[in-house]
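Accompanying notes for the structure given below.
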Amino acid sequence: MGAPALDRDIERLAKVREAVGSKVKIMMDANQGMTVPTALALARRARGFDIHWFEEPVPRVDYDGYAQLRRQAGIALAMGEREFDTTGLRELIRRDAIDLWQPDILRLGGVEAWRASAQLAHAHGLPVLPHYYKEYDVPLLCTVPNAFGSESFDWIDGLVDHPIKVDNGMSRPLPGPGWGFTFLEDKLQALG
């Protein structure tokens with residue numbers, strides 16, 4: 001989302017809804033690229049497409065903007081993938097400005113920081129759908145009561161020996177020690 005012309009975003013949403021039908025949930029992501037008035041206008045026009053949530057509509061530190069959007073947009077708001085600690089989550093909670101927390105294990109600094117953010121979200125009734133790394137996120141989601149789901153990108157599948165598979169929208173942690181996978185040395189050498 002965030003095309004220069006709002007009609008272009010609406011056209012895209014209409015095509016996606018037509019292609020996937022009414023039973024598939026659509027999430028839209030603006031990657032922090034909109035202003036509050038533009039995001040609000042888009043959200044209002046997008047309501048007819050049954051949008052599940054609107055991710056990062058405005059810059060992550062515009063906490064008051066998130067609060068305004070949550071009150072007026074009529075679409076759930078998701079945020080968190082660009083946070084390096086829980087400051088943003090705490091500010092959003094304080095303003096009642098978020099519906100879904102999306103922690104990123106690498107940006108937050110590891111397992112304990114990820115779990116601490118998920119616990120804080122749980123204490124305030126927020127579900128958790130982590131950002132990007134399904135091989136880490138699926139096992140972590142099994143450790144928290146407010147797990148909502150995991151994003152699934154196959155971009156790193158070719159870099160690991162046992163990528164997590166998604167079957168009919170479901171995935172499970174890998175068996176074996178640790179995370180259940182290792183990075184393929186020849187792939188890492190090629191990147192490095």
Side-chain angles (χ1 to χ4, degrees), residues 25 27-33 52-63 65-67 70 76-167 169-192:
K25 295 177 180 173
M27 291 68 84
M28 57 185 196
D29 188 344
N31 292 301
Q32 303 182 63
H52 197 56
W53 74 70
F54 193 173
E55 184 174 334
E56 291 191 327
V58 297
R60 67 181 188 80
V61 295
D62 187 357
Y63 308 123
Y66 275 92
R70 185 151 188 272
L77 298 180
M79 211 274 271
E81 69 184 56
R82 299 185 202 285
E83 298 300 310
F84 292 90
D85 58 28
T86 59
T87 301
L89 176 58
R90 290 175 191 282
E91 290 298 320
L92 292 165
I93 287 169
R94 189 170 71 78
R95 290 169 174 83
D96 193 24
I98 187 173
D99 297 287
L100 180 76
W101 176 238
Q102 297 183 291
D104 181 302
I105 188 172
L106 299 184
R107 288 188 179 125
L108 284 173
V111 171
E112 293 305 315
W114 187 100
R115 285 181 39 79
S117 80
Q119 289 169 349
L120 177 60
H122 177 63
H124 295 278
L126 297 173
V128 172
L129 188 142
H131 174 245
Y132 190 72
Y133 310 99
K134 67 182 185 285
E135 282 72 21
Y136 296 122
D137 295 332
V138 169
L140 285 171
L141 285 165
C142 293
T143 71
V144 298
N146 53 333
F148 184 80
S150 175
E151 288 187 326
S152 178
F153 294 98
D154 60 2
W155 301 335
I156 65 165
D157 286 1
L159 302 177
V160 298
D161 59 355
H162 301 291
I164 282 186
K165 302 294 183 207
V166 179
D167 182 24
M170 300 294 290
S171 57
R172 301 193 187 294
L174 296 167
W179 297 105
F181 73 92
T182 56
F183 286 96
L184 299 172
E185 190 62 36
D186 62 323
K187 302 293 183 182
L188 294 177
Q189 293 299 324
L191 293 172

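A quick note: this is a predicted structure, and the numbers were derived from the prediction, not measured.
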Could you tell me which residues satisfy side-chain hydrogen bond (donor to acceptor under 3.5 Å, both in side chains) with [X], sequence neighbours excluded, listed by chain and number?
{"X": "S150", "answer": "none"}
{"X": "T86", "answer": "R90"}
{"X": "D154", "answer": "none"}
{"X": "R60", "answer": "E83"}

Tell me every residue that passes salt bridge (Lys or Arg N to Asp or Glu O under 4.0 Å) with R115, counting only those two or more places apart in sequence or in another chain. none

I'd like to check the salt bridge (Lys or Arg N to Asp or Glu O under 4.0 Å) partners of R172; sequence neighbours left out, ordered by chain and number. none

Is there a donor-acceptor pair under 3.5 Å between the side chain of N146 and the backbone N or O of A118? yes

Main-chain N/O of T87 paired with D85 side-chain donor or acceptor, under 3.5 Å: yes

Under 3.5 Å, sequence neighbours excluded: what are the donor-acceptor pairs made by side chains of residues 125-132?
unit_1: H131; atom_1: ND1; unit_2: D104; atom_2: OD2; d: 2.6
unit_1: H131; atom_1: NE2; unit_2: E81; atom_2: OE2; d: 3.4

Does V111 reach the side chain of I105, with side-chain heavy atoms less than 4.5 Å apart? yes

Given side chains that start at C-beta, do those of E56 and Y66 come closer than 4.5 Å, heavy atoms only? yes

Step through the shown structure and confirm whether more than 12 heavy atoms of other residues, nucleotides or ligands are within 6.0 Å of CG on D167. no

Spacing of [X] atom [atom1] and [Y] atom [atom2] [to the nearest 0.5 Å]:
{"X": "K165", "Y": "S152", "atom1": "NZ", "atom2": "OG", "result": "10.0 Å"}
{"X": "L141", "Y": "Y136", "atom1": "CG", "atom2": "OH", "result": "15.0 Å"}
{"X": "E55", "Y": "M79", "atom1": "CD", "atom2": "CE", "result": "10.5 Å"}

Any idea which heavy atoms bring [X] and [Y] closest together, and the distance?
{"X": "S171", "Y": "I164", "value": "CB-CG2, 3.6 Å"}
{"X": "P173", "Y": "V138", "value": "N-CG1, 3.6 Å"}
{"X": "S117", "Y": "W114", "value": "OG-O, 2.9 Å"}
{"X": "P57", "Y": "L77", "value": "CG-CD2, 4.1 Å"}
{"X": "A78", "Y": "W53", "value": "CB-CD1, 3.4 Å"}

Contacts of H52 that satisfy ring pair (Phe, Tyr, Trp, His ring centres under 6.0 Å) - sequence neighbours left out: F148

Any pair with a residue in residues 91-103 that passes salt bridge (Lys or Arg N to Asp or Glu O under 4.0 Å), sequence neighbours left out, goes on the list, sorted by first then second residue, please. D64-R95, R70-D96, R70-D99, E91-R94, E91-R95

Sort and list the pairs that fulfil salt bridge (Lys or Arg N to Asp or Glu O under 4.0 Å) and have at least one residue in residues 122-146, not counting sequence neighbours. K134-D157

Expected list for residues 174-185: side-chain donor-acceptor pairs under 3.5 angstrom, two or more places apart:
unit_1: T182; atom_1: OG1; unit_2: D161; atom_2: OD2; d: 2.9
unit_1: E185; atom_1: OE2; unit_2: Q189; atom_2: NE2; d: 2.7

Inter- and intrachain pairs under side chain to side chain donor-acceptor pair (under 3.5 Å), touching residues 120-129, at least two apart: none

